[in-house]
Each structure stands twice: as C-alpha cells, then as structure tokens.
Peer 1: 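For reference, the structure I am asking about is given below.
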Amino acid sequence: MLTVEFDYEKLAEAMRPVVREEIQEMMKSKSESQEWPPLLTVTQLKELFHIKSWKASELMGRPDFPVIREAGVLIHRDKLFEWIDRHTKWVDDNTSYFKVG
C-alpha cells in the first residue's frame, strides 16, 4: 500500500506566493478589462468579491469597512483596496489561517 505524507507547513509556504500572484493577476486583469468607478455600489462590490448579498451586508456592517452612507450606500474604491491590504497583512501576522497542519 502506498502511503504519502505531507509537510503541510512547507506546502502552505510554497503555495502562498503563487496564490498571491494569481490574486494580483486577477485583480489586475479585472481592472484592465473594467475600470472600477471611484465609488462602488453594493452590486459592484458583490461582483468584485464574488459574494452574495448577505456577505456584502456583513462586510458593510463592520466599523472598519470603508462604506459611505451619506449618499446611499457606496464604497470608496481606493479605501477598499487599502482595507484589503491592511487586513491581508493582519491575517498573515496574527493568525495561522494560511498555515495548514
């Protein structure tokens, strides 16, 4: 019988740069193919993140999420991408979310 063992930590470390690169490429191709406006609607946020309404509502309910409610419900595009960068780094630094094993 064939038995295979994985070092999940090494596998996660090896995959992390590839996953990041693919996400960056996806975001780059998305921005090249469709210029996102400075203020996103909830529908555009859901399309950008590939999420459903309930998840969008959950995100917009966070106190640190860059939502503007004074003119309806809009999301500042540049602040959104800054928010993503801050929280991706926080996850890397403070959790083992991307570390398996």
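Computed over heavy atoms, backbone and side chain alike; hydrogens, waters and symmetry mates excluded.
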Peer 1: Mind checking whether Leu39 and Trp36 sit in one hydrophobic cluster, side chains of I, L, V, M, F, W, Y counted as touching below 4.5 Å?
Peer 2: no
Peer 1: Restricting to non-hydrogen atoms, name the atom on Pro66 and the atom on Lys79 that form the minimum distance, rounded to 0.1 Å.
Peer 2: CB-CB, 3.6 Å
Peer 1: I need the single residue from Ile51, Thr41, Leu59 that forms a side-chain contact (heavy atoms from CB on, under 4.5 Å) with Lys46. Which is it?
Peer 2: Ile51
Peer 1: Identify whether the distance between the nearest side-chain nitrogen and carboxylate oxygen of Glu58 and Lys55 falls below 4.0 Å.
Peer 2: yes
Peer 1: What heavy-atom pair brings Ile75 and Met60 nearest, and what distance separates the two atoms?
Peer 2: CD1-SD, 4.1 Å
Peer 1: Please list all pairs meeting ring-ring contact (aromatic ring centres under 6.0 Å, His included) that have one or both residues in residues 58-86, counting only residues at least two apart or in different chains.
Peer 2: Phe65-Trp83, Trp83-His87
Peer 1: Do Leu48 and Ile84 belong to the same hydrophobic cluster, where Ile, Leu, Val, Met, Phe, Trp and Tyr are linked whenever their side-chain heavy atoms lie under 4.5 Å apart, directly or via other members?
Peer 2: yes
Peer 1: Would Phe49 end up clustered with Val67 when hydrophobic side chains under 4.5 Å apart are linked, directly or stepwise?
Peer 2: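 As far as the 4.5 Å side-chain criterion goes, Val67 and Phe49 are connected within one cluster.
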Peer 1: Report yes or no: do Val42 and Leu74 belong to one cluster of Ile/Leu/Val/Met/Phe/Trp/Tyr joined by side chain heavy-atom distances under 4.5 Å?
Peer 2: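 Per the 4.5 Å side-chain linkage, Val42 and Leu74 are not co-clustered.
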